Amino acid sequence: ESFDEYIRRLPAHTAADALGHRADWYRNFLFKSADNPRAGLDALFGLCNLITQGDPPESVRAALFTASGTALNKRGGGIRPICATGVLRKLAAGALLHQHKAQIVERLEEAYQFGASRDGNVKVVHAIKALLEADPSLAVFKMDVMNAFNSISRDAILDGLRTVCPELIPFFLDIYARTNQIIFGRDDFIPYGEGLQQGCTFGSICYCVGVLATIHKVRDRFCADEHG
């Protein structure tokens, strides 16, 4: 699928970023208002290409690395920060993932990590149900890590990307090898120097990549008798 088709398929309504811009505005302008949409698409593609290579123009860096934040109450207490990242970062990340997601998902599923798979949770639930029906003596262990998304090691994600999809590393480093800024309200800037931003287009799939090493350790420890 070409870049222009990716832009055409953007959701009708997207969250505004820290500057008040929305990704669907680009689609509406390029395909409904612009006199020469091809020239605009080529310019936008060239800019997104520089961003994915980790070499964005200095003029757009502030917009890339700043996100608008919303604080939601978590069940059981605590706060869940949700971020609306910059539009250019969203477009670049989406286009990059569109190109490589199938490759990443395949590598994740080899380790029985279905967090990025289509209907992955359904597959896991049915697999567990089938196992327990076949052998009622088995037990299921479920763990919920507190604040996992926001505290996962960025080094662990980087290590995972080296084996799963090194093509994403330049962009990942340019976004996350720094302290990001999140704006709450109009002028409350909060530094964000660890973990992943919930709301980042890269977030969920990078989290899945980041826990791969832990999954392998658990499988080596408890599934040593498996073959294949």
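Just so we're clear, the structure is a prediction, and the values are computed from it rather than from any experiment.
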At their closest point, which heavy atom of [X] faces which heavy atom of [Y], and how far apart are they?
X    : Y    : answer
P56  : G54  : CD-C, 3.4 Å
K123 : F114 : CD-CD2, 4.1 Å
A116 : K101 : O-CE, 3.7 Å
G160 : V209 : C-CG1, 3.4 Å
R154 : G195 : NE-O, 2.8 Å
P166 : P170 : O-CD, 3.8 Å

Could you tell me the separation between the [atom1] atom of [X] and the [atom2] atom of [Y], rounded to the nearest 0.5 Å?
X    : Y    : atom1 : atom2 : answer
R107 : Q113 : CZ    : CD    : 13.5 Å
Q103 : L108 : CD    : CG    : 10.5 Å
L44  : L91  : CG    : CG    : 6.0 Å
H126 : N121 : NE2   : CG    : 9.5 Å
E133 : L138 : CD    : CG    : 12.0 Å
N49  : D55  : CG    : CG    : 10.0 Å

Group every Ile, Leu, Val, Met, Phe, Trp and Tyr by side-chain heavy-atom contacts under 4.5 Å, then state whether [X] and [Y] land in the same group.
X    : Y    : answer
I169 : L96  : yes
I128 : V122 : no
V211 : L97  : yes
L168 : L212 : yes
L161 : I215 : yes

May I ask you to check whether F202 and F171 place their ring centers less than 6.0 Å from one another? yes
Is any side-chain heavy atom of V218 less than 4.5 Å from a side-chain heavy atom of R221? no
If you apply the rule side chain to side chain contact (heavy atoms under 4.5 Å, CB included), what do you find for T52 with D174, and how did you get there? CA-CA 9 Å; T52 59; D174 203 41; over 6 Å; no
Taking only Lys NZ, Arg NE, NH1 and NH2, and the carboxylate oxygens of Asp or Glu, determine whether D220 and K217 approach each other closer than 4.0 Å. no
Geometric class of the Y207/F149 ring pair [parallel <30°, tilted 30-60°, perpendicular >60°]: parallel
Given the options L196, I104, L158, I152, C206 meets side chain to side chain contact (heavy atoms under 4.5 Å, CB included) only with L196
R89 to Y176, cation-pi by 6.0 Å centre distance and 45° axis angle: yes
